[in-house]
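What you see below is based on every heavy atom in this structure, not just the backbone, and it leaves out hydrogens, waters and symmetry mates. For ligands, and for the atoms within them, numbers begin at 1 and follow the listed sequence.
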Amino acid sequence: VHRLIDLQKAQSAAAVLNAERLSVLALVREAIVENQVNAESKHISMVLSLNGKQKLVHVEGAENAVDRDDVFINADHETIKTAVKNLVENAINYSPEHTTVAVGVAVGIGSGDDEVAIRVVDQGIGIPESSLDRIFERFYRVDPARSRETGGTGLGLAITKHCVQDCGGTIAVWSREGEGSTFTITLPQAKSEQDEESAKSETA
Ligand code: ATP
Ligand code: MG
């Protein structure tokens, strides 16, 4: 039922209307923390990095913490958080115990200066090549018998793709069986606050 509600929300155009300037670090921290219990029960450690530099997952008074090198996007908060949360959830579900799930935020690497990449990297079971272009379909699961163990409905990635597209982004996957998977969300970077101010005063 939760999945269907997520899907319903993801499909409503309202998501676009609530676009606001969001800290990407704050956003991915929320997505990680909401999966914490699951990760701990499998002894999976979750790490966070920004442009290759390690960041703390937990910061005191997270709302007030300022990272000087933080990056920003314009998106609906719940929508984009759902997308990242689902990827972290899968990374944990489809990994063996005592592995690491890494969330990496990067700007201006490969994709260009004005794009933000959010990567979720696991050391899990991976996805066979023949399934890679189907996993974003509704109800598609690589191995239904295996997925039954994790209680999957096969809707998570369909919802995630919707959410990302609603926020003006794209999603891509790399995976190799037995090695792990990497899901990458790419979104346009929001202008710096200064640039936004000067753009406003120019049009005024
Ligand atoms: P749920 O709706 O609860 O998320 P689900 O996890 O089965 O169910 P999706 O999240 O849409 O559904 O994922 C679809 C399928 O893709 C999964 O069943 C699994 O086979 C495969 N998959 C997704 N993410 C990963 C991953 N990180 N590693 C390995 N396989 C994955
Ligand atoms: Mg899932």
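The number of protein N/O/S atoms found under 2.8 Å from the Mg ion (ligand 2) is 1.
An N or O contact shorter than 3.5 Å links T153 to ligand 1 by distance. At under 3.5 Å, not a single nitrogen or oxygen of G152, backbone or side chain, sits near a nitrogen or oxygen of ligand 1. The shortest N or O to N or O distance between V142 and ligand 1 is under 3.5 Å. Residue G154 has at least one nitrogen or oxygen atom sitting less than 3.5 Å from a nitrogen or oxygen atom of ligand 1, judged on distance alone. Taking only nitrogen or oxygen atoms, main chain and side chain alike, G156 reaches within less than 3.5 Å of ligand 1.
For L157, heavy-atom contacts with ligand 1 shorter than 4.0 Å involve the backbone as well as the side chain. Contacts between D122 and ligand 1, counted as non-hydrogen atom pairs separated by less than 4.0 Å, involve the side chain only.
The hydrophobic cluster of F72 has no other members, since no ILVMFWY side-chain heavy atom comes under 4.5 Å of it.
Linking Ile, Leu, Val, Met, Phe, Trp and Tyr residues whenever their side-chain heavy atoms come within less than 4.5 Å places V103 and V57 in a single cluster. Under a hydrophobic-cluster definition in which Ile, Leu, Val, Met, Phe, Trp and Tyr are linked whenever side-chain heavy atoms come within less than 4.5 Å, directly or via other members, I44 and V47 are assigned to different clusters.
For E129, the CD atom sits in a loose shell: 12 or fewer heavy atoms of surrounding residues, nucleotides or ligands are nearer than 6.0 Å. Residue R21 places its CZ atom among more than 12 non-hydrogen atoms of other residues, nucleotides or ligands, all under 6.0 Å distant. By the 6.0 Å contact criterion, NZ on K191 is open, its count of non-hydrogen atoms from other residues, nucleotides or ligands being 12 or less.
The list of side-chain hydrogen bond (donor to acceptor under 3.5 Å, both in side chains) pairs with a residue in residues 96-107, not counting sequence neighbours, reads S45-T100.
Distances below 4.0 Å separate heavy atoms of Y140 from the following atoms of ligand 1: 14 (C), 15 (C). Ligand 1 places these atoms under 4.0 Å from at least one heavy atom of F183: 24 (N), 27 (N).
By the salt bridge (Lys or Arg N to Asp or Glu O under 4.0 Å) test, D70 is found to be paired with no residue, residues two or more places apart in sequence or in another chain being considered.
The side chain to side chain contact (heavy atoms under 4.5 Å, CB included) test with I118 singles out one residue from V71, V164, T186, V28, and that residue is V28.
Using modelled atom types, no side-chain atom of K161 and backbone atom of I171 make a donor-acceptor pair closer than 3.5 Å.
Contact annotation: G124 has no heavy atom less than 4.0 Å from any atom of ligand 1.
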Criterion salt bridge (Lys or Arg N to Asp or Glu O under 4.0 Å) on K53 and D67, from CA distance to verdict:
CA-CA 12 Å; K53 266 197 299 181; D67 279 285; over 6 Å; no
